Structure formats: structure tokens, C-alpha cells
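Below is one structure; the comments refer to it alone.
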2 protein chains.
Amino acid sequence: MSSTSEIDALIDLMARLPGLGPRSARRAVLHLIRQRGRLLQPLAGAMAEVAEKARECLNCGNVGTSDICDICTDETRANGQICVVEDVADLWAMERGGAFRGRYHVLGGTLSALDAVGPEDLRIPKLMDRVTAETISEVILALNATVDGQTTAHYIADRLESRVALSSLAQGVPIGGELDYLDDGTISAALSARKRL
Amino acid sequence: MSSTSEIDALIDLMARLPGLGPRSARRAVLHLIRQRGRLLQPLAGAMAEVAEKARECLNCGNVGTSDICDICTDETRANGQICVVEDVADLWAMERGGAFRGRYHVLGGTLSALDAVGPEDLRIPKLMDRVTAETISEVILALNATVDGQTTAHYIADRLESRVALSSLAQGVPIGGELDYLDDGTISAALSARKRL
């Protein structure tokens, strides 16, 4: 490599981002150097700021820049609903949908016997505390439709079913989805949950 | 979006990198926040350093952190050969190959009638100066095998053929390449440049 060590160091770090490899990291770094004022400097500043300020919400586990996140402090969202998600990316996906106006609880993963992840390793005890402390009418389990996700949902449902209304996201055909491209499990689920017109 | 403005700002900037879109930028930023000490802080520092130090070599156009790049100051590479490439990414690709031990000249693009790019917009006058000023025995035109790349190579060759030996990269079957997957032009070029065994 002919570039000097500072540039090599930046390439090595960029290559550790998900979705980038050595080749695309080099392309990105060249792009950054060419757009130094418009992109590289602002990006360095934004990263330093997030590195300094980002923290997990002590209540729900969302990431933000204060100890309690914007959603947990937003009184218009105190509607008694908590949506339980695996991680922050899922929370962001729900928010992009824009249909949910309650609060969240980010578990930080799923139970996994293989990886020795138990309830204490996730934010499950904190969820139990919240159901006791806040005025909660419904817990929506929006966990991924994977084996570990569904195991975790069952575990939480077992512990909460006597205390609060529980629900989970509907399974079925995605909007715009074509049957021909769907897996058999999804088609079976959509069929057994069919709605009368 | 539920995250606060600093995190949103970082996502927006990351999404402007080549190879990343809004979705992968969000994934990358979450990854960075989770790896704050090991990745986000070093990356912010490395970017700030490159933003401050990176510059184009005044001689050849390579990027580095000094006015004259490491290759141009390396006396062991003063072998009389200059390899002309379109941009720094091509220079890096040549260096990874490791077969070339001379110096480079980065044009910064190709001539293009459509985009109104003339010789003065590239580092072509500087190349002419170098052939005069340095002791150059051979100019290797390693331009891309595109129409604009070959037009640029012809333009330079016209102006230098009376002054210095000229060559271009061989065209043919890539190492490990399978004929079945090669385009017709490459096969024709490889056939007409066939070597006697």
C-alpha cells in the first residue's frame, strides 16, 4: 500500500464496519478525502459527538443522548402500551412504520440456550419492574419470528399473562408480497389466520 | 425516527458514503455505538487526523500526508519508469499487485468530450513537465480499458511518442479467468495477442 499510515489506519477501521470490506473501505476513504470539507470533517465531528453523548436509556434500552430517551419522556406516548423488541434496530423499524404510539422495551437480544443467554443477561427483569411500576394495559411482543425470538416471547408471556394483556404481531403475507416468493411457513400461517371478508 | 438528532445526523452522513445506503448506515451507526471505545472513538480520531493531514502529492497526484508523497521521495523507485493511472484507486491497485517499482502519475480522470474534460482539467501538463524534468525512460499507460480511458491514452501517446518509450498494459485473459465467462472483446484481444509457446 502506497498511502501513508494515517490513511491506512482509517481504511482498516472503516473495513470493520458492517457491510464494508477492505475494498469498499478503500473506496469510501478515497471518497472521504475528496469530499474533505463537505463529508470527512462533518463525519469526524458527528462521530466524536455521538461517541461522547450516546447512551442507553435507563428505562427502555433505546439509544439516545440522555439518560432517559425521548420516547420515555414523551408524555403523549404514555398510553399504557409497551412494545417489546429485541434490539434498537427493531425499535427504529417500528418507528419508521409510524403506527405505534406507545413506549418500547428493548431486550438487547434473545434467550439462547446455545449461547448461554439467560433472562438476567437481557433486560427482562427490568420489563417485569416496568409492568409493576408503570400503568401498563398491554404488552406487545414484537420479537423476530425466529426460534430464539419466539422462545423469548413464550418465556415473557408465561411470566406476564396473569398481570397484563399480551399480544404479538400478526403473521401473514407482507404488503406487496407475492405468494410465489413466500416460504411455506408464512403461507400456512397466513392461511390459518385468514380473515372473513 | 426515535433516536435523537446527533445520532440522526451521523446516520445521514454515513448514508452518503459509497456502498452504504440509509439502511446499512443505520446498521453501521448502531454497530459503532455498541463498539464505542473499540471502534467509534478511534474512527472519529482517525477521520479528524486524515481530514487535517491528507493532501495530494504536488508531483504525482497520489494522496498522502505530505506535499510530496512517499513514492515520489523513495529514491529506490527512481528507475526511469512512470506509470500513468486515472485515479488514486488505480494506483493503490497497482501497488497491491507489487510488480511495479517505478513512480506514478495520477491524471485525476480521463478526457471526456461529453463532460467537457480537457487536458488542462487533468494532470496532463504536469506529466509533460515531468518527462522533461525527470530522467524518464519509459511511460506506461495503465488507463482503464474504457472508451474515455483509451482516448486519453492515445492523446498522451501522441504527445510523448517522440520523446520517450511508451507502453500499455497487456490485454488478455485474467489469471484464473474462465473463457466461458469472458466477454467477446477480451477473447478477441487475447487471441490476436497470442504468444508462441
Side-chain angles (χ1 to χ4, degrees), chain A residues 1-7 9-14 16-20 23-56 62-66 69-71 87-89 91-96 104, chain B residues 1-7 9-14 16-20 23-56 62-66 69-71 87-89 91-96 104:
Chain A
M1 185 67 69
S2 62
S3 54
T4 38
S5 54
E6 289 92 342
I7 297 174
L10 179 55
I11 292 171
D12 288 345
L13 286 167
M14 290 289 286
R16 288 164 54 191
L17 288 176
L20 289 182
R23 192 181 203 96
S24 44
R26 285 193 298 267
R27 266 181 64 213
V29 168
L30 269 185
H31 184 77
L32 285 171
I33 291 174
R34 289 194 190 112
Q35 309 253 316
R36 183 194 313 217
R38 286 198 299 158
L39 190 52
L40 179 52
Q41 282 167 345
L43 196 50
M47 282 190 178
E49 197 163 20
V50 170
E52 188 199 339
K53 292 186 181 171
R55 62 202 65 205
E56 277 183 355
N62 186 15
V63 296
T65 50
S66 46
C69 75
D70 296 348
I71 295 177
D87 64 29
V88 176
L91 185 158
W92 289 358
M94 291 286 298
E95 283 294 284
R96 285 199 300 282
Y104 291 93
Chain B
M1 186 65 74
S2 61
S3 54
T4 38
S5 53
E6 290 92 342
I7 297 174
L10 179 55
I11 292 172
D12 287 345
L13 287 168
M14 290 289 287
R16 288 163 55 191
L17 288 176
L20 290 182
R23 194 184 201 93
S24 43
R26 283 192 298 267
R27 267 182 63 215
V29 168
L30 268 184
H31 184 76
L32 284 170
I33 292 175
R34 288 194 191 113
Q35 308 253 317
R36 183 193 316 215
R38 287 198 299 157
L39 190 52
L40 179 53
Q41 281 167 346
L43 196 50
M47 282 190 179
E49 197 162 21
V50 170
E52 187 198 340
K53 293 185 181 172
R55 62 202 65 204
E56 278 184 354
N62 186 15
V63 296
T65 50
S66 45
C69 75
D70 296 348
I71 295 178
D87 64 28
V88 176
L91 186 158
W92 289 358
M94 291 287 296
E95 283 297 282
R96 285 199 300 281
Y104 291 93

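So that the names make sense, note that chain A is the first sequence line, chain B the second, and so on, each numbered from 1. Everything numeric here is computed off the predicted structure, so don't read it as measured data.
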field: Closest-packed option against chain A by number of heavy-atom pairs under 4.5 Å, given B:Gly19, B:Ala54, B:Ala48
entry: B:Ala54

message: Is any side-chain heavy atom of B:Val50 closer than 4.5 Å to one of A:Leu40?
response: yes

- prompt: In Å and rounded to the nearest 0.5 Å, what is the CD1 to CH2 distance from B:Ile7 to A:Trp92?
  reply: 6.0 Å

Distance in Å, A:Ser24 OG paired with B:Leu17 CG, rounded so as to fall on 0.5 Å steps: 10.0 Å

Answer with side chain, backbone, both or neither: which region of [X] has an atom nearer than 4.5 Å to a non-hydrogen atom of chain A?
X       : value
B:Met14 : both
B:Arg36 : side chain
B:Glu52 : backbone
B:Ile33 : side chain

task: Return the set of residues passing side-chain hydrogen bond (donor to acceptor under 3.5 Å, both in side chains) with A:Glu49 (not counting sequence neighbours), or none when no residue passes.
output: A:Lys53

- line: Applying side-chain hydrogen bond (donor to acceptor under 3.5 Å, both in side chains) to A:Gln41 and not counting sequence neighbours gives none

- prompt: Relative to chain B, which segment of A:Arg27 carries a heavy atom at a distance below 4.5 Å: side chain, backbone, both, or neither?
  reply: both

field: Nearest heavy-atom neighbours spanning B:Pro18 and A:Ala28
entry: CG-CA, 3.8 Å

- line: Nearest heavy-atom approach of B:Leu10 to A:Ala46 is CD1-CB, 3.9 Å

task: May I ask you to name which of A:Leu32, A:Leu30, A:Asp87 has the most heavy-atom pairs under 4.5 Å with chain B?
output: A:Leu30

